[in-house]
Amino acid sequence: FVFVPVDLDTGHRRGHAYVNMVRPHDAMAVMRALDGFTGWLACDSGGPCHIEYASSACQGRENWVRKYRNSAVVNQDVPDGWKPALYGDGGARVQFPPATRKVRAPRNR
């Protein structure tokens with residue numbers, strides 16, 4: 001699971017991302033590699049990456065799907081690159097599960 005929140009009015013990234021790894025040892029390797037990283041190729045801030053381990057409510061693919069599958073960010077009017085994404089074994093993107101109810105149009109906060 002990967003989601004990089006975007007300001008829906010401007011298209012600018014909000015400066016953080018959510019990443020869920022399948023295996024804990026992979027999560028730890030990513031955390032070690034990215035915490036403090038500053039070599040951004042296309043980033044306004046250029047500041048260091050800060051990694052935080054999420055609460056148990058945000059652990060696991062199912063929890064992320066539950067959180068976003070009926071969210072406005074998956075509305076048909078939101079560009080695909082701005083939506084949460086799921087990846088299967090081997091790293092290929094897989095379809096995000098469909099909403100279980102009508103998804104409202106996005107609005108920026």
Side-chain angles (χ1 to χ4, degrees):
F1 174 88
V2 175
F3 179 47
V4 181
V6 171
D7 180 308
L8 297 175
D9 287 333
T10 66
H12 294 125
R13 291 174 184 89
R14 294 186 179 265
H16 63 280
Y18 302 102
V19 178
N20 184 81
M21 306 300 288
V22 175
R23 291 175 288 279
H25 70 274
D26 291 336
M28 296 308 294
V30 168
M31 289 174 75
R32 283 191 301 274
L34 291 179
D35 198 36
F37 181 80
T38 59
W40 308 110
L41 296 177
C43 182
D44 295 335
S45 76
C49 181
H50 175 71
I51 304 289
E52 293 182 16
Y53 203 78
S55 71
S56 60
C58 295
Q59 296 296 323
R61 176 180 172 147
E62 296 79 20
N63 284 333
W64 287 109
V65 167
R66 189 178 313 111
K67 180 175 177 67
Y68 286 105
R69 78 183 314 167
N70 294 310
S71 167
V73 77
V74 298
N75 183 284
Q76 65 185 10
D77 295 333
V78 174
D80 187 59
W82 297 2
K83 295 179 180 184
L86 294 175
Y87 296 86
D89 292 336
R93 188 168 177 186
V94 298
Q95 185 172 356
F96 204 82
T100 58
R101 63 178 190 259
K102 184 177 179 181
V103 176
R104 70 173 171 78
R107 64 177 185 266
N108 207 357
R109 296 178 197 200

**Student:** Counting C-beta onward and ignoring hydrogens, is there a side-chain heavy-atom pair between V2 and Y87 closer than 4.5 Å?
**Tutor:**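 Heavy-atom side-chain distance check passes, below 4.5 Å.
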
**Student:** Out of R23, M21, M28, which one pairs with H25 under the side-chain contact (heavy atoms from CB on, under 4.5 Å) rule?
**Tutor:**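 The option that passes is R23.
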
**Student:** Quick one: does any side-chain atom of N63 pair with a main-chain N or O of Q59 as donor and acceptor, under 3.5 Å?
**Tutor:** yes

**Student:** Please report whether the ring centroid of W64 lies less than 6.0 Å from that of F3.
**Tutor:**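 No: the rings miss the under 6.0 Å criterion.
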
**Student:** Scan residues 67-92 for pairs that pass salt bridge (charged side-chain N to carboxylate O under 4.0 Å, His left out), counting only residues two or more places apart or in two chains.
**Tutor:** D80-R93

**Student:** Would you say the side-chain atoms of N75 pair up with the backbone N or O of R104, donor to acceptor, closer than 3.5 Å?
**Tutor:**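 Pair found, side chain donor or acceptor close to backbone of R104.
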
**Student:** Shortest non-hydrogen contact from V4 to A17?
**Tutor:** CG2-CB, 3.9 Å

**Student:** Treat each ILVMFWY residue as a node, draw an edge where side-chain heavy atoms are under 4.5 Å apart, and state whether I51 and V19 are in one component.
**Tutor:** yes

**Student:** If every non-hydrogen atom of A72 is compared with every non-hydrogen atom of P106, which pair is closest and at what distance?
**Tutor:** CB-CA, 3.7 Å

**Student:** Do V73 and P84 have side-chain heavy atoms sitting under 4.5 Å apart?
**Tutor:**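 V73 reaches P84 side chain to side chain.
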
**Student:** How long is the gap from SG on C58 to CD on E52, to the nearest 0.5 Å?
**Tutor:**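 These two atoms lie 11.0 Å from each other.
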
**Student:** Say you draw a straight line from CZ of R61 to CG of N20; how long is it, rounded to the nearest 0.5 Å?
**Tutor:** 9.5 Å

**Student:** Spell out, yes or no, whether V94 and Y68 are grouped together once hydrophobic residues are joined by side-chain heavy atoms under 4.5 Å, including indirect joins.
**Tutor:** yes

**Student:** Can you find a pair of side-chain heavy atoms, one from L86 and one from P97, that are under 4.5 Å apart?
**Tutor:**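 Yes, close enough: below the 4.5 Å cut-off.
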
**Student:** Using only atom types and a distance under 3.5 Å, with no angle test, would you say the side chain of N70 pairs donor to acceptor with the backbone of T100?
**Tutor:**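 Side chain of N70 to backbone of T100: a pair is present.
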
**Student:** Given side chains that start at C-beta, do those of W82 and L8 come closer than 4.5 Å, heavy atoms only?
**Tutor:** yes

**Student:** Measure up the F1 and F96 rings against each other and bin them: parallel (under 30°), tilted (30 to 60°), perpendicular (over 60°).
**Tutor:** tilted

